[in-house]
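Notes follow the structure.
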Amino acid sequence: MTSPSLDKGPSPEPTPPTSLFSLEGSDPHQELIDRTGLTSADISQIDALMAALSRLRVAERELSEASLRYMQLGETDMRALHFLIVCENTGVVVTPGAISQELQISSASTTKLLDRLERAGHIRRTPHPSDRRALVIGIDPATRATAIRTVGSMQARRVHAARRLTSAEREIVSGFLDDMAREISLGNADWSDTETDDDQH
């Protein structure tokens with residue numbers, strides 16, 4: 001008589017937490033957040049809100065990565081082109097200095113950026129209309145059309161979500177997002193060195 005086999009196959013994988021940003025999962029001993037005065041319903045709502053923000057960040061990251069692959073550009077390149085499109089739409093003349101200031105990168109990094117974009121045919125350098133020492137940077141019409149048709153059209157879909165809110169709801173959401181931005185500002189992090197020069201491409 002043989003004993004029944006005890007081999008029941010591989011053990012099931014442990015179930016991951018519902019959200020990496022839940023208060024119970026991230027801070028079970030209240031070392032970070034004092035939950036005094038919060039009901040279980042409050043905590044559930046906050047967990048759901050943090051999870052929603054996480055899903056938004058994932059969607060934004062996926063869209064950004066897909067747009068960079070499609071346009072065959074780096075993140076700073078795309079930011080520069082976006083800046084050029086907005087300035088063109090609003091009639092603002094763009095100089096290399098303005099790009100340096102907007103992207104918070106050095107003059108040397110800006111020169112490399114513009115050289116790279118010009119070689120790829122994405123921008124044009126022309127003489128400044130009133131300052132012979134300066135150049136004006138403009139986006140190539142074909143690049144502008146491609147960016148608007150693809151990345152721009154997807155980013156614009158954010159407006160659909162905003163339109164579905166009431167006026168009062170938009171005020172609440174705007175206030176919440178501004179408040180959260182202030183809370184997580186690097187100005188509140190004494191361990192962070194905020195002096196960086198983004199010259200990635």
Side-chain angles (χ1 to χ4, degrees), residues 16-68 70-71 73-92 94 97-105 139 144 147-198 200:
T18 306
S19 171
L20 293 177
F21 299 95
S22 69
L23 287 174
E24 184 59 34
S26 301
D27 185 31
H29 305 299
Q30 302 192 43
E31 298 171 274
L32 300 172
I33 300 295
D34 179 3
R35 298 197 275 282
T36 301
L38 291 179
T39 66
S40 58
D42 292 332
I43 293 173
S44 294
Q45 283 189 320
I46 292 172
D47 286 349
L49 185 53
M50 296 302 107
L53 286 171
S54 177
R55 291 191 294 272
L56 174 59
R57 286 192 295 269
V58 169
E60 288 178 328
R61 183 173 65 249
E62 290 177 348
L63 177 59
S64 176
E65 291 172 352
S67 66
L68 296 178
Y70 183 84
M71 297 291 292
L73 293 170
E75 182 178 355
T76 305
D77 300 336
M78 286 292 289
R79 289 171 58 204
L81 294 180
H82 184 204
F83 179 61
L84 289 172
I85 290 174
V86 171
C87 288
E88 187 176 277
N89 289 343
T90 55
V92 175
V94 180
I99 293 176
S100 295
Q101 183 175 6
E102 173 66 23
L103 302 184
Q104 293 295 292
I105 59 177
I139 188 169
R144 174 192 167 92
I148 291 177
R149 187 181 70 252
T150 57
V151 184
S153 65
M154 287 300 294
Q155 293 285 5
R157 294 177 67 86
R158 299 168 186 263
V159 177
H160 297 326
R163 287 181 63 175
R164 287 190 282 269
L165 299 176
T166 65
S167 176
E169 288 170 337
R170 291 186 201 112
E171 291 290 337
I172 292 171
V173 173
S174 296
F176 163 71
L177 293 176
D178 284 340
D179 190 27
M180 178 167 284
R182 285 190 295 269
E183 287 289 348
I184 65 172
S185 169
L186 287 179
N188 292 325
D190 55 8
W191 46 264
S192 177
D193 179 7
T194 59
E195 294 182 4
T196 60
D197 180 14
D198 179 10
Q200 296 178 358

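All heavy atoms count here, side chains included; hydrogens, waters and symmetry mates do not. Worth saying up front: this structure is predicted, and the values here are computed from it rather than measured.
- Val92 is linked by a side chain to side chain contact (heavy atoms under 4.5 Å, CB included) to Cys87, Thr90, counting only residues two or more places apart in sequence or in another chain.
- From Leu81, atom CG reaches atom CD of Glu88 across 11.5 Å, with rounding to the nearest 0.5 Å.
- Checked against side chain to side chain contact (heavy atoms under 4.5 Å, CB included), Ile172 has no partners two or more places apart in sequence or in another chain.
- Although no hydrogens or angles enter the test, the distance criterion places a donor-acceptor pair under 3.5 Å between the side chain of Gln104 and the main chain of Gln101.
- Side-chain atoms of Arg170 come within 3.5 Å of backbone N or O of Leu165 as a donor-acceptor pair.
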Could you walk me through whether Val151 and His82 pass side chain to side chain contact (heavy atoms under 4.5 Å, CB included), step by step?
CA-CA 10 Å; Val151 184; His82 184 204; over 6 Å; no
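- Under the 4.5 Å side-chain criterion, counting only non-hydrogen atoms from C-beta, Phe83 is in contact with Ile99.
- Smallest separation of non-hydrogen atoms from Leu103 and Ala80: CD1-CB, 3.9 Å.
- Separating the CD atom in Glu62 from the CD atom in Glu60 is a distance of 11.0 Å, to the nearest 0.5 Å.
- Under the 4.0 Å criterion applied to side-chain N and carboxylate O atoms, Asp42 and Arg35 are not assigned as salt-bridge partners.
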Between Ile46 and Leu49, does the side chain to side chain contact (heavy atoms under 4.5 Å, CB included) criterion hold? Intermediate values first, please.
CA-CA 5 Å; Ile46 292 172; Leu49 185 53; 5.5 Å; no
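- The backbone N or O of Ser40 sits less than 3.5 Å from a side-chain atom of Ser44, completing a donor-acceptor pair.
- Side-chain contact annotation: Ser185 with Asn188, donor-acceptor N/O pair under 3.5 Å absent.
- In this structure, the separation between CE on Met154 and OG on Ser64 is 12.5 Å, given to the nearest 0.5 Å.
- Expressed to the nearest 0.5 Å, how far CD1 of Ile139 lies from CD1 of Ile85 amounts to 4.0 Å.
- Atom-to-atom distance recorded for Leu63:CG and Gln155:CD is 5.0 Å, nearest 0.5 angstrom.
- Counting non-hydrogen atoms of neighbouring residues, nucleotides and ligands closer than 6.0 angstrom, the CZ atom of Arg163 reaches no more than 12 such neighbours.
- The two residues Leu53 and Leu177 have their closest heavy-atom pair at CD2-CD2, 4.4 Å.
- Considering all non-hydrogen atoms of both residues, Pro28 and Ser26 come closest at CD-C, 3.6 Å.
- By the neighbour-count criterion of 12 heavy atoms within 6.0 Å, atom CD of Glu169 is densely surrounded, having more than that number from other residues, nucleotides or ligands.
- Other residues, nucleotides and ligands contribute more than 12 heavy atoms inside 6.0 Å of the CD1 atom of Ile148.
- Taking CD from Gln30 and CG from Leu38, the interatomic distance works out to 8.5 Å, rounded to the nearest 0.5 Å.
- Within 6.0 Å of the CD atom in Glu171, the count of heavy atoms belonging to other residues, nucleotides or ligands does not exceed 12.
- Of the possible donor and acceptor atoms, one in the side chain of Ser153 sits under 3.5 Å from a partner among the backbone N and O of Arg149.
- For the pair Leu23 and Asp47, the tightest heavy-atom approach, listed with the atom from each and the gap, is N-OD1, 2.9 Å.
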